[in-house]
Amino acid sequence: MDLLANLNPAQRLAVTSTEGPVMVMAGAGSGKTKVLTTRISYIIKELGIIPSKILAVTFTNKAAKEMKDRISSMLDINTSFMWVSTFHSFCARVLRMEIEAMPPYTKRFVIIDEEDSLKLVKDILKECELEYKPKEIKHLISKNKNFKNFSIKDPRLLDVFLLVNKKYEDRCKEENLLDFDDLIIKTIELFEKNPKILEYYQNQFEYILVDEFQDTNALQYDLMAMLAKKHKNLFVVGDDFQSIYSFRGAKIENINKFQEDYKDYKLILLEENYRSTTQILNLANNIIIKNPNQIKKVMFSNKKEGPLPKYYRAMSSYDETVFVINKILEGIRKGKDYKDFAIMYRANSISRSFEDQLVKNKIPYTIYGGLSFFARAEIKDMTAYLRLLVHKDDDYSFKRVINMPKRKIGAKILDSLNMIASEKGLPLYDAIEYYTGSGIGASNLKEFKKVLDDIREKMEDLPLPLILKELVDKTGYEEEIKKDEDTYLDRMDNIKEFSSVLKETEEEYEGITHFEMLENLLFDLSLRSEHDDSKSDESVRLTTFHQAKGLEFDTVFMVAMEESIFPGLNVESNQDMEEERRICYVGITRAKNELYLTNAENRMRFGTTEYMVPSRFIGEMDKELYQNVSRGAKTKSPVNQGYSIAKAKFTVKKEEPKEAPSVSYSIGDKINHKAFGDGLVVAVSGTTITVAFKAPFGVKQLNGNHPSIRKI
DNA sequence: CGCACTAGACTTTTT
DNA sequence: GTCTAGTGCG
């Protein structure tokens, strides 16, 4: 099969420009994943490079998995061993092999998630009798790791930070723990301190590919730059319009940095959109050009025509949900599936009113958010049990489960256990043997060890799911969670789900011992999130704009488009506002065929009903690009009014009075310019038209009456 | 140690 | 308004 057969010229160029630094600006729906996977396949098949010499990093497990799946179907090879992974699991994999070059860490290190890490901070604050908010300090610790120019002004806070930060590091070293940030940092540190190791990996990775480049932070950039230093075959794909994670340290500036660091880089723009209708793209282009600082490209639709996006301003948030649900039911009647619909919002709190209404109408829905599967308490408990089963010296896991279920093992017993452990140089688990106290706690302690020892003994004879079952039964875990009737069934469901993960693991790793299977599985379990997408197969999706990135739906509802929600209240700078606008762009570009923008005049917030002003983003959109279907819309348009709420620090440019241009243009028109070639009209204001030209010209504001322009 | 009450949050969070 | 985490008392 010809790999390049189904690619457009720009995509083909991106696939075949294998040597040297390349940056691809890939707009929404432009076939970015296709380019990435085809490029990898091309390097393997056409250049004859062995797969393990290629490194591809993404941000989500889902993206990594999708890439692997696509490559394996393109080339019919086993991709499970390939270096296609998230930044974090790439680092975990390297560290697993190399971390012992940085004692006292050992290759059995445990990756702790946000919750564990926060708990560690809490413990430290308590120990030091400091009355600070754990979340705040945790945030500082993380910021210090991720932001290079990090500083704290308040000297008291600085002292606290320095102390807690030090203790945090010490504790991590003591207990062999790495948090998410550490994975990246320690890998960089490893490479900096051990040039030989770095050199090994530089040689290893002849070709490096980075997905979602606009979301990389300074450290991730450095890490990739380090690795690419030898071969310089660094290929980055991103979309500056979809940079919406700056609060997580993502640096849109990395795009400029790349251009400066690799002067001979090749820039490729993917501007053809295969996802959305012209009408939806027009709206998307129309909103994103309001960001003055990042006009680089505009998406050209390749697809069919569709209905105009619709705007509905409801009387109340209830009314808004009814509108949305009715549109969904209407669509279903026309033959659409539940999974064709997505309700998107800026903040999770908006989902509730929609959930209620969906339940009432018996519409199946899935909502992502809250805890990911592997972050749930019962899953983390089971994971800790399994860890303790394979590694008796995992004191961290020991402490997690020793009183789960409750075994009446209090501080006293734990203290003396600690004593014994440090005296004899044993892990806490083995110290139980030498514990001599009596009482209910003491006998529970012995029982705890006996149960685990028993299970460990017959581990190789039991299928993995049965090992889990034994744990749930024999430790008394199920009985414990039964006490809370409300959550019992949910939790057992989750454990069953986990059981099927174990089953999959067993099938995946045939031919090794159960012990080794568990060891492999447990290693980076904390880096996994939702493992299963099948639930959402037949349901309406409720999601934040952030979580929707990378997804597409036939019909999208962007709801609660109200000032103070979207854009939110905490928008302080122009940069922040531009990011909000990009979020809006991401939302719009999720839609393939139909798009609804809705908001409500009255919404319950913080206990009271508030009057809500329509989002400025609605006002910024040219009116002919959407249809206002609000009640009474014809007589009085509620949009395009000025914004006067006190909190709004930004004023939208007042529309200049429109004079009729002698040649009239409308958005979506294709024009030709003598100097810039063919372009697409993305906005019209009086005689001034805003036109997007193909690279390298970009978006320009022009006088529509100028003789060098003609309609085509 | 466990439950009941209260204070605080109420933006996004790929790992 | 409503959920959660944390505390304080029995």
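Just so it is clear, the values below take in all heavy atoms, side chains as well, and ignore hydrogens, waters and symmetry mates.
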- [ ] Would you state whether a donor and an acceptor, one from the side chain of A:R346 and one from the base of B:dT11, lie under 3.5 Å apart?
- [x] no
- [ ] Select one nucleotide: of B:dG2, B:dT15, B:dT12, the one nearest the side-chain heavy atoms of A:F180.
- [x] B:dT15
- [ ] Look at the side-chain N and O atoms of A:N348 and state whether any lies under 4.0 Å from the OP1 or OP2 oxygen of B:dT13.
- [x] yes
Task: First encountered from the 5' end of DNA chain B, between A:T216 and A:K133 - done: A:K133
- [ ] Using modelled atom types only, decide if a donor and an acceptor are shared between the side chain of A:R407 and the backbone of A:V401 within a distance under 3.5 Å.
- [x] yes
Task: Under 4.0 angstrom between A:Q547 side-chain N/O and B:dT13 OP1 or OP2 - done: yes
- [ ] Would you give the length of the straight line joining atom CG of A:L542 to atom OG1 of A:T366, rounded to the nearest 0.5 angstrom?
- [x] 7.5 Å
Open item on the list: Considering every strand and a 4.0 Å limit on heavy-atom distances, what is the contact class for A:E114: base, sugar-phosphate, or nothing?
Closed with: base
- [ ] Identify the two heavy atoms, one from A:V210 and one from A:T216, that lie closest to each other, and give their separation to 0.1 Å.
- [x] CG1-CG2, 4.0 Å
Open item on the list: Just the rounded figure in Å: distance from P of B:dC10 to NZ of A:K135.
Closed with: 6 Å
- [ ] Please state whether the rings of A:H546 and A:F247 are parallel, tilted or perpendicular, taking 30° and 60° as the class boundaries.
- [x] perpendicular
TODO: Check whether any side-chain N or O of A:T58 sits under 4.0 Å from OP1 or OP2 of B:dT14, and answer yes or no.
DONE: no
- [ ] Give a yes or no on whether the ring-centroid distance for A:Y245 and A:F59 is below 6.0 angstrom.
- [x] no
Open item on the list: Pick the closest DNA chain B nucleotide for A:I583 and for A:D181 by heavy atoms, then say which residue is nearer the 5' end.
Closed with: A:I583
Task: Atom-to-atom span, NZ of A:K62 to P of B:dT15 - whole angstrom - done: 11 Å
Open item on the list: Quick check on B:dT11: syn or anti? Syn means the glycosidic torsion is within 90 degrees of zero.
Closed with: syn
Task: Residue A:K122, side-chain heavy atoms: nucleotide from B:dT15, B:dT11, C:dG6 that is nearest - done: C:dG6
Task: Nearest-Å distance for atom pair CZ/C1', residues A:R582 and B:dT12 - done: 13 Å
- [ ] Rounded off to whole Å, could you give me the CZ-to-C1' distance for the A:R581 and B:dT12 pair?
- [x] 17 Å
Open item on the list: According to salt bridge (Lys or Arg N to Asp or Glu O under 4.0 Å), who are the partners of A:K399, at least two apart in sequence or on a separate chain?
Closed with: A:E175
Task: Protein-nucleotide distance (A:Q220, atom CD; B:dT15, atom C1'), rounded to Å - done: 9 Å
Open item on the list: Side chain of A:L527, heavy atoms from C-beta onward: which of B:dA9, B:dT12, B:dT15 has the nearest atom to it?
Closed with: B:dT15
- [ ] Just call it for A:Y245: base, sugar-phosphate, or nothing, with non-hydrogen atoms closer than 4.0 Å on any strand.
- [x] base
Open item on the list: Nearest whole Å is fine: how far is B:dT11 P from A:E580 CD?
Closed with: 12 Å
- [ ] Give a yes/no verdict on base stacking between B:dT12 and A:F247: centres under 5.5 Å, planes within less than 30° of parallel.
- [x] yes
Open item on the list: Can you tell me which nucleotide in B:dT14, B:dA9, B:dT12 comes closest to the side chain of A:T60?
Closed with: B:dT14
Task: Proximal nucleotide (of B:dT15, B:dT12, B:dT11) relative to the A:H546 side chain - done: B:dT12
Open item on the list: Could you tell me how far B:dT12 sits from C:dA5 if I compare only their P atoms? Round to whole Å.
Closed with: 15 Å
Open item on the list: With a 4.0 Å cutoff (strictly under), does any side-chain N or O of A:R352 reach OP1 or OP2 of C:dC3?
Closed with: yes
- [ ] Could you check which of C:dG1, B:dT14, B:dT12 has an atom nearest any side-chain atom of A:M604?
- [x] C:dG1
TODO: Round to the nearest Å and state the distance from A:F606 atom CZ to C:dC3 atom P.
DONE: 16 Å
Task: Contact under 4.0 Å: A:N61 side-chain N or O vs B:dT14 OP1/OP2 - done: no
Task: Euclidean distance, atom CZ of residue A:F374 to atom C1' of B:dT14 [Å, nearest integer] - done: 16 Å
TODO: Between B:dT14, B:dT12, B:dC10, spot the one nearest the side chain of A:D215, thanks.
DONE: B:dT14
Open item on the list: Could you report the tightest heavy-atom contact between A:M558 and A:C584, atom names first, then the distance?
Closed with: CE-O, 3.6 Å
